[in-house]
Amino acid sequence: MNMYDIITKKKSGLVLSEQEIRFFIDGFTKGEIPDYQASALLMAVCFQGMNEEETATLTDAMLHSGDMADLSSIPGIKVDKHSTGGVGDKTSMIIGPIAAACGVPVAKMSGRGLGHTGGTVDKLEAIPGLQTAIDSERFTEIVRSIGISIIGQSGNIAPADKKLYALRDVTATVDSIPLIASSIMSKKLAAGSDAILLDVKTGSGAFMKTFDDSIALAQAMVSIGIHSGRRMMALVTDMDVPLGSAIGNALEVQESIDTLQGKGPDDLSSMCIELASYMLLLADAGETLDACRLLCQNAISNGKAFDKLCAMVEAQGGDTTVLHKGFEKAAVTASYTAQSSGYITHLNAESCGMASLALGAGRETLEDSIDYSAGIVLLKKTGDYVAVGDEIAIFHTSDAGKLPTATEVFSSAISIGSEPPAKIKTIQAVVSETGVDLL
Ligand code: URA
């Protein structure tokens with residue numbers, strides 16, 4: 001067996017055998033298969049796809065490429081949540097503390113930015129001193145004592161995914177249902193929680209641009225989780241427009257703090273209440289979704305959810321001063337203003353993400369470092385009316401030289417017309433063991 005033949009087989013649209021998939025994952029994890037061959041196979045999968053059995057084998061091979069977390073010493077139903085990735089998606093930093101404040105233990109391993117999307121680990125690392133590389137004993141201890149810890153995919157959890165994820169980020173091989181489903185589910189299963197809520201994004205800023213593909217991805221992941229004995233649910237949620245107003249690491253942490261203090265943007269706040277309520281429901285923390293919603297709303301209004309975030313940041317070595325006093329502003333800020341009058345009929349989330357990357361908020365190569373202060377604050381979004389010269393967004397960066405490209409990319413994100421656009425629902429479907437409920 002060799003990689004050349006495996007790549008050729010997938011390139012021709014044939015089904016890979018279990019042995020071939022395990023040969024690839026095993027060899028790649030050990031460093032015996034070079035990045036260029038792995039990239040070629042990933043690209044072939046992007047074009048040719050994988051069937052259910054290949055996807056299940058790929059997930060299993062990645063899951064068993066390293067250790068599995070053992071959370072059995074933490075009492076209660078441990079719940080994890082994972083988003084398929086979006087722009088301005090800072091929900092983990094909000095709903096994790098809400099769920100923990102409602103007594104549901106959250107032991108979460110998160111990812112870094114991928115393609116045009118941000119990652120929770122990069123965002124959290126904008127908090128000075130905060131450690132996301134924490135060993136499993138300390139991780140378990142923090143969850144047991146505080147009720148929540150969010151760390152990177154540390155140690156030896158699904159190392160095959162860790163390597164593949166970084167490679168996919170820089171080889172344009174992210175948007176493939178089998179690759180996303182196996183990537184997410186291998187690490188979610190290895191991370192050891194009893195229940196998993198998936199937030200499957202759909203629209204221009206998601207890896208799945210169409211509703212049907214998003215449903216297919218949700219079903220693939222729910223089915224993998226159920227076969228592994230986990231409680232599973234997936235919400236298909238809008239990512240046609242960035243979520244909330246802030247895009248970029250420190251800016252998104254600040255917006256998460258505002259939301260936990262009851263001062264967040266409406267779309268983000270209501271999305272977080274819904275996601276957190278489903279987490280509570282999966283953990284049997286309330287009898288009905290409405291009862292769970294009430295618990296979540298109370299956790300925000302009585303300050304307990306924000307206190308959980310502070311406790312987690314402190315336990316992970318972070319400086320909590322920024323949580324109370326705010327982050328240092330970026331060295332350079334610039335307004336983006338409307339060039340014509342009318343309604344914003346579309347604000348392409350992917351292009352907003354790319355504009356934020358152009359300001360320094362993400363990586364273009366594996367070695368790049370991040371400008372934590374960089375990003376965009378949206379003052380207007382889809383459906384808002386603007387007159388010529390109105391501020392639509394404020395760009396933040398440490399490097400004024402990055403403004404022209406970011407401006408050009410952001411301009412391509414905006415369409416202005418004379419009629420207001422139709423409203424898009426934020427939560428569009430719930431996928432569970434029993435099927436798909438359209439909302
Ligand atoms: N998130 C992941 O963890 N993996 C993917 O492939 C995409 C989003």
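Worth saying up front: this structure is predicted, and the values here are computed from it rather than measured. In listed order, ligands and their atoms are each counted from 1. Just the heavy atoms: all of them, side chains too, but no hydrogens, waters or symmetry mates, feed the values below.
- Checked by atom type, the side-chain pair Gln428/Thr202 shows no donor-acceptor distance below 3.5 Å.
- At a cut-off of 3.5 Å, with distance as the only test, no side-chain donor of Asp238 or Thr426 sits close to an acceptor on the other residue.
- Donor-acceptor pairing under 3.5 Å is lacking for the side chains of Ser204 and Lys209.
- For ligand 1, residues of the protein lying within 4.0 angstrom by heavy-atom distance are His82, Thr84, Leu114, Tyr165, Arg168, Ile180, Ser183, Ile184, Lys187.
- Between Arg112 and the choices Asp169, Thr117, Asp122, Thr120, the side chain to side chain donor-acceptor pair (under 3.5 Å) rule is met once, by Asp122.
- In this model, no donor atom of one side chain and acceptor atom of the other lie less than 3.5 Å apart for Glu52 and Thr55.
- In terms of modelled atom types and a separation under 3.5 Å, the side chain of Lys81 and the main chain of Val79 share no donor-acceptor contact.
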